[in-house]
Amino acid sequence: MSEHTTPTNFIKQIVEEDMAENKYDEIVTRFPPEPNGYLHIGHAKSIVLNFELADEFGGRTNLRFDDTNPLKEDEEYVNSIKKDIEWLGYEWDSLRFASNYFDQMYDCAVHLIKKGLAYVDDLSQEEIRQYRGTLTEPGKESPYRDRSVEENLDLFARMKDGEFSDGEKVLRAKIDMSSPNINMRDPVLYRIAHATHHNTGDTWCIYPMYSFAHPLEDAIEGVTHSICTLEFQDQRPLYNWVVEQCDMEAQPKQIEFARLNMTDTVMSKRKLNWFVNENYVDGWDDPRMPTISGLRRRGYTPDSIKQFCREIGVAKVDNTVDVRMLEHFVREDLKLTAPRTMAVLRPLKVVITNYPEDEVEWLDADINPENEEMGKRQIPFSREIYIEQSDFMENPPKKYFRLYPGNEVRLKHAYFITCQDVIKDEDGNVVELHCTYDPETKSGTGFTGRKVKGTLHWVEASHAKDAEFRLYDSLTKDDQEGEDFMDKVNPESLEIVNGYVEPNMASVKPEDKFQFFRHGYFNVDPKHTTDEQIVFNRIVSLKSSFKL
RNA sequence: UGGGAUAUAGCCAAGUGGUAAGGCAACGGAUUUUGAUUCCGUGACCCGCAGGUUCGAAUCCUGCUAUCCCAGCCA
């Protein structure tokens with residue numbers, strides 16, 4: 001499955017040691033999303049880590065939905081999550097839901113009650129908070145803490161049977177109200193929620209909390225290495241307590257790593273949600289979103305995302321990876337696979353005055369000069385073409401080697417042309433250029449008579465196909481002044497321009513990817529492209545050392 | 001002021017007592033029918049700071065400092 005070599009990391013080393021000690025027959029990991037949102041690039045880091053770690057040691061990985069909170073979860077998300085993981089190219093060994101284990105979890109809770117390690121508490125939410133103490137002061141024990149096993153058993157059964165309303169009672173672990181670790185101060189194990197669950201419907205009106213459910217899920221599935229993010233470090237003692245006190249056979253090991261942060265990118269569900277709810281973006285799959293579906297629509301390939309995730313490494317330091325690193329990996333992936341073609345995003349008409357009228361010649365062009373196997377294409381050339389507005393300047397600065405009055409440049413795959421006249425409208429805007437060409441300079445003839453500094457891309461006017469180009473920038477900018485994330489929002493994250501592409505682009509399909517000469521890599525937008533109009537998303541521009 | 005973590009170049013990140021890998025970015029230069037690609041070259045007199053142990057420390061010890069996480073019936 002994997003040809004790549006992933007750099008080592010501390011988790012891999014732990015697994016290596018465990019394998020060396022024959023601690024497990026097989027390593028088992030899991031990717032445990034809560035179905036309450038779309039997957040993003042940060043999740044991809046976890047997916048790649050979990051799936052490839054297990055794969056590397058011949059183990060397996062489950063996809064397990066952590067659906068213990070029906071108030072927030074929805075079927076829509078489980079479908080999108082499955083789809084995204086499949087698109088990335090991973091196959092889970094087994095598809096599970098935390099809700100599959102509700103019966104066993106209930107039994108475990110009863111088991112704890114019988115051991116005198118759990119009790120039903122009548123304190124209100126507010127009271128529980130007050131009794132918990134603070135970071136520096138210990139908590140106080142609930143007056144209900146010492147109920148008898150029989151009473152707890154009865155009360156818990158009645159909680160399950162729906163005798164109480166939401167918030168009236170909870171089941172708590174009996175651990176230590178004065179623990180310096182707040183998670184150990186009698187954490188809530190079960191709460192009452194009369195809500196319909198996407199999977200179990202109305203079967204249950206009590207639902208387990210993450211800290212109780214998660215270790216049990218891992219143990220039930222025989223997960224050996226339960227990988228999660230740093231903020232769960234304080235929960236590890238509780239995780240171990242649950243596994244041990246519930247007398248679970250398997251003893252999964254929780255290992256925490258630092259989540260991914262990226263420059264100019266928001267990763268929290270809350271903030272991502274804001275963009276969607278405000279209709280600032282075109283849904284969760286808007287090409288500017290760092291979601292898997294957004295990156296996909298933007299044009300990122302599964303390999304580029306996975307390679308990025310492998311190369312950024314896995315450690316415990318809070319990190320912010322430069323988004324340019326992600327961009328680097330798509331460029332690298334598309335370099336050899338994306339066909340080259342020419343597109344003029346902001347057209348300027350050029351008339352080649354000494355070229356015969358009504359003549360059209362078809363020129364040979366490599367589809368990808370870095371990958372000859374891709375073959376050739378034919379492109380038309382005639383008296384009228386379009387070039388890029390930014391490829392002409394009437395009064396150029398030094399080191400500008402594109403077109404300007406009197407200057408000669410090369411038209412890619414065609415001829416040298418020299419700018420003779422500049423046509424302007426009443427307002428003084430340049431609307432057309434008159435140039436002459438030199439027939440001797442035709443590409444492919446081996447002409448070496450003289451050299452030219454610039455090579456321009458172009459599209460023949462009469463055969464040109466209309467296209468829309470969507471140019472993206474990040475939704476937020478880190479260097480923007482302000483405390484609030486709203487201050488970071490980039491008002492210019494989307495620019496739409498209309499121009500032309502080569503005639504053979506008429507047959508493109510959604511998600512086809514191209515390199516537009518001198519512009520960058522583009523993806524055919526699957527949502528907005530119609531029979532009448534192709535919409536291209538700019539995935540990433542080409543690097544450029546040119547500065548005006 | 002409690003507990004848990006982390007500190008290696010602008011950003012990631014190897015390094016696990018023997019004298020600082022690699023990638024991204026940046027900057028030079030060569031090649032170039034993409035100001036792209038490719039190719040070559042440039043970075044830590046030093047590993048948060050201060051002491052100590054040792055023939056020898058980023059790696060061990062001590063003490064500081066900074067940053068992140070924890071007081072949901074969220075995950």
Side-chain angles (χ1 to χ4, degrees), chain A residues 7-10 13 32-34 36 66-69 71-73 121 123-125 128-130 132-139 166-172 179-185 187-193 206-207 209-211 213-214 228-237 256 258 260 262-263 269 308 311-329 331-332 335-336 340 342 365-366 369-370 399-402 409-414 416 441 443-444 447 451-457 515-520 541-547:
Chain A
T8 191
N9 59 60
F10 79 99
Q13 288 168 348
E34 183 188 14
N36 71 341
D66 221 341
D67 55 350
T68 57
N69 185 357
L71 270 10
K72 290 188 173 179
E73 295 147 8
D121 198 346
L123 251 30
S124 69
Q125 189 164 353
I128 287 181
R129 193 167 61 77
Q130 286 166 354
R132 186 151 35 221
T134 69
L135 294 177
T136 51
E137 303 156 35
D166 291 5
E168 205 176 325
K169 287 180 169 36
V170 291
L171 182 74
R172 290 231 255 169
S179 171
N181 181 347
I182 291 180
N183 292 291
M184 299 301 268
R185 317 235 264 232
V188 172
L189 265 23
Y190 264 93
R191 77 286 215 179
I192 301 170
I206 57 171
Y207 292 93
M209 300 291 291
Y210 166 88
S211 30
H214 205 90
C228 62
T229 43
L230 252 29
E231 67 269 28
F232 292 103
Q233 283 176 125
D234 290 344
Q235 298 241 19
R236 197 179 338 127
E256 312 86 9
L260 169 69
M262 271 203 305
T263 55
K269 280 178 186 167
F308 168 77
E311 293 298 328
I312 53 175
V314 177
K316 299 179 80 157
V317 220
D318 288 312
N319 61 83
T320 304
V321 175
D322 195 327
V323 70
R324 288 178 297 185
M325 203 164 192
L326 213 211
E327 297 176 344
H328 162 80
F329 286 106
R331 288 197 191 97
E332 187 163 273
K335 187 171 62 192
L336 297 178
R340 268 46 166 181
M342 297 194 284
D366 285 319
E370 294 182 68
K399 294 267 190 73
Y400 183 84
F401 38 86
R402 278 113 97 141
V409 299
R410 181 198 302 276
L411 291 179
K412 180 76 183 172
H413 298 129
F416 286 10
T441 60
S443 285
F447 174 81
K451 297 226 177 221
V452 99
K453 294 282 276 185
T455 299
L456 309 189
H457 61 275
Q515 187 203 92
F516 291 159
F517 244 86
R518 301 207 300 138
H519 277 300
S541 66
L542 254 24
K543 291 212 289 181
S544 173
S545 57
F546 174 65
K547 296 173 195 78

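Each chain gets a letter, A, B and so on, in the order its sequence line appears, and its residues count up from 1. Below, each value reflects all heavy atoms present in this structure, side chains not excepted, and no hydrogens, waters or symmetry copies.
Comparing G2(B) with A44(B), their P atoms sit 40 Å apart, to the nearest whole Å. For the C1' atoms, the distance linking A7(B) with C49(B) amounts to 11 Å, nearest Å. With both ends at atom P, the span from U67(B) to U53(B) equals 32 Å, rounded to whole Å. Between G43(B) and U8(B), the distance separating the two C1' atoms is 14 Å to the nearest Å. The C1' atoms of G72(B) and G10(B) are separated by 38 Å, rounded to the nearest whole Å. Look at the C1' atom in both G41(B) and U31(B): the space between them is 15 Å, to the nearest Å. For the C1' atoms, the distance linking A26(B) with C60(B) amounts to 37 Å, nearest Å. To the nearest whole angstrom, the two C1' atoms, one in A9(B) and one in G15(B), are 15 Å apart.
Counting distance only, with no hydrogens placed and no angle test, the side-chain atoms of Asn181(A) and the base atoms of G4(B) include no donor-acceptor pair under 3.5 Å. Below the 3.5 angstrom threshold, one finds no donor paired with an acceptor across the side chain of Thr455(A) and the base of U34(B). Evaluation of atom-type donor-acceptor distances gives a pair under 3.5 Å for the side chain of Arg340(A) against the base of U34(B).
Nucleic acid contact class of Val314(A) (heavy atoms, under 4.0 Å, all strands): sugar-phosphate only. Thr320(A) comes within 4.0 angstrom of sugar-phosphate atoms only, judged by non-hydrogen atoms across all strands, and of no base. Residue Arg324(A) is classed as a sugar-phosphate contact, given heavy-atom separations below 4.0 Å to backbone atoms only. Residue contacts shown for Val321(A) are limited to sugar-phosphate atoms, with no base heavy atom under 4.0 Å away. Residue Thr68(A) is classed as a sugar-phosphate contact, given heavy-atom separations below 4.0 Å to backbone atoms only. Looking at heavy-atom distances under 4.0 Å, His413(A) makes contact with a base. At a threshold of 4.0 angstrom between heavy atoms, the contacts of Thr8(A) are confined to the sugar-phosphate backbone, with no base atom among them. Contact annotation for Leu123(A): base contact, defined as any heavy-atom pair under 4.0 Å involving a base atom. Using a 4.0 Å heavy-atom criterion, one finds that Leu411(A) contacts no nucleic acid atom at all. Nucleic acid contact class of Glu256(A) (heavy atoms, under 4.0 Å, all strands): none. Using a 4.0 Å heavy-atom distance criterion, Asn69(A) is classed as a sugar-phosphate-only contact. Residue Glu34(A) is classed as a sugar-phosphate contact, given heavy-atom separations below 4.0 Å to backbone atoms only. Gln235(A) comes within 4.0 angstrom of a nucleotide base, judged by non-hydrogen atoms across all strands. At the heavy-atom level, Lys316(A) lies under 4.0 Å from the strands shown only through sugar-phosphate atoms.
Side-chain atoms of Ser179(A) never come within 3.5 Å of backbone atoms of Met184(A) as a donor-acceptor pair (strictly under, hydrogens ignored). Side-chain atoms of Asn319(A) come within 3.5 Å of backbone N or O of Val317(A) as a donor-acceptor pair. A donor-acceptor pair is defined here as one N or O able to donate and one able to accept, closer than 3.5 Å; such a pair exists between the side chain of Glu73(A) and the backbone of Asn69(A). Counting only distance, with no hydrogens or angles, the side chain of Arg191(A) and the backbone of Gly167(A) share no donor-acceptor pair below 3.5 Å.
Proximity note for Ile128(A) (side chain, C-beta onward) versus C73(B), G35(B), C12(B): the nearest is C73(B). The side chain of Glu370(A) lies closest to U34(B) when the candidates are U34(B), A75(B), C27(B). Of the listed nucleotides (A5(B), C73(B), C70(B)), C70(B) has the atom at the smallest distance from the side chain of Asp234(A). For Phe401(A), the listed nucleotide lying nearest its side chain is G35(B); candidates were C73(B), G35(B), C27(B). Distances were taken from every side-chain heavy atom of Leu135(A) (C-beta onward) to each of G3(B), A5(B), C70(B); the shortest belongs to C70(B). Of all nucleotides listed (G72(B), G2(B), G35(B)), G35(B) comes nearest to the side chain of Arg518(A). Nearest nucleotide to the side chain of Arg132(A), out of A71(B), C24(B), U1(B): A71(B). Side-chain proximity of Phe517(A) to the nucleotides G23(B), U34(B), G2(B) is greatest for U34(B).
A cation-pi contact, defined as under 6.0 Å to the ring centre and within 45° of the axis, is absent between Arg518(A) and Phe546(A).
Taking atom NZ of Lys453(A) as the reference point, atom P of U32(B) lies 12 Å away to the nearest angstrom. With rounding to whole Å, Lys335(A) atom NZ is found 8 Å from C39(B) atom P. One atom, CD of Glu327(A), and another, C1' of G23(B), lie 15 Å apart when rounded to the nearest Å. The nearest whole Å value for the distance from the CD atom in Glu137(A) to the C1' atom in G3(B) is 14 Å. Computed from coordinates, the Asn319(A) CG to G10(B) C1' distance equals 15 Å when rounded to whole Å. Per the geometry, CE belonging to Met209(A) stands 15 Å off P belonging to C70(B), to the nearest Å. If you take CD of Glu231(A) and P of C70(B), they are 8 Å apart, rounded to a whole angstrom. Whole-Å rounding puts the Lys543(A) NZ to C39(B) P distance at 12 Å.
Annotation for Lys453(A): atom NZ does not count as buried by contact number, only 12 or fewer foreign heavy atoms lying within 6.0 Å.
Under the Watson-Crick and G-U wobble criteria, each requiring two contacts below 3.5 Å, nucleotide U42(B) is paired to A26(B). Base pairing analysis places U37(B) opposite nothing; no Watson-Crick or G-U wobble pair with both distances below 3.5 Å involves it. Base pairing of U19(B): no nucleotide in any strand meets the Watson-Crick or G-U wobble criterion (both distances under 3.5 Å). Under the Watson-Crick and G-U wobble criteria, each requiring two contacts below 3.5 Å, nucleotide G63(B) is paired to C49(B).
In this pair, Tyr210(A) does not lay its aromatic ring on the base of A75(B); centres under 5.5 Å and planes under 30 degrees do not both hold.
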Is there a side chain to side chain contact (heavy atoms under 4.5 Å, CB included) between Leu189(A) and Met209(A) once you walk through the steps? CA-CA 5 Å; Leu189(A) 265 23; Met209(A) 300 291 291; 5.7 Å; no

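You'll find the side chain of Arg340(A) stays beyond 4.5 Å of the side chain of Asp366(A), heavy atoms only. Between Tyr207(A) and Leu71(A), every side-chain heavy-atom pair lies at or beyond the 4.5 Å cut-off.
Place Asp322(A) and Arg402(A) on RNA chain B by their nearest nucleotides, and Asp322(A) ends up nearer the 5' end. Two residues, Lys451(A) and Ile312(A), neighbour RNA chain B, and the one matched to the more 5' nucleotide by heavy-atom proximity is Ile312(A).
Taking the syn range as angles within 90° of 0, the glycosidic angle of G18(B) is outside it, so the base is anti.
For A36(B), one of the phosphate oxygens OP1 or OP2 lies less than 4.0 angstrom from a side-chain nitrogen or oxygen of Ser545(A).
Remark: Asp322(A) CG to Thr263(A) OG1 distance equals 4.5 Å, nearest 0.5 Å.
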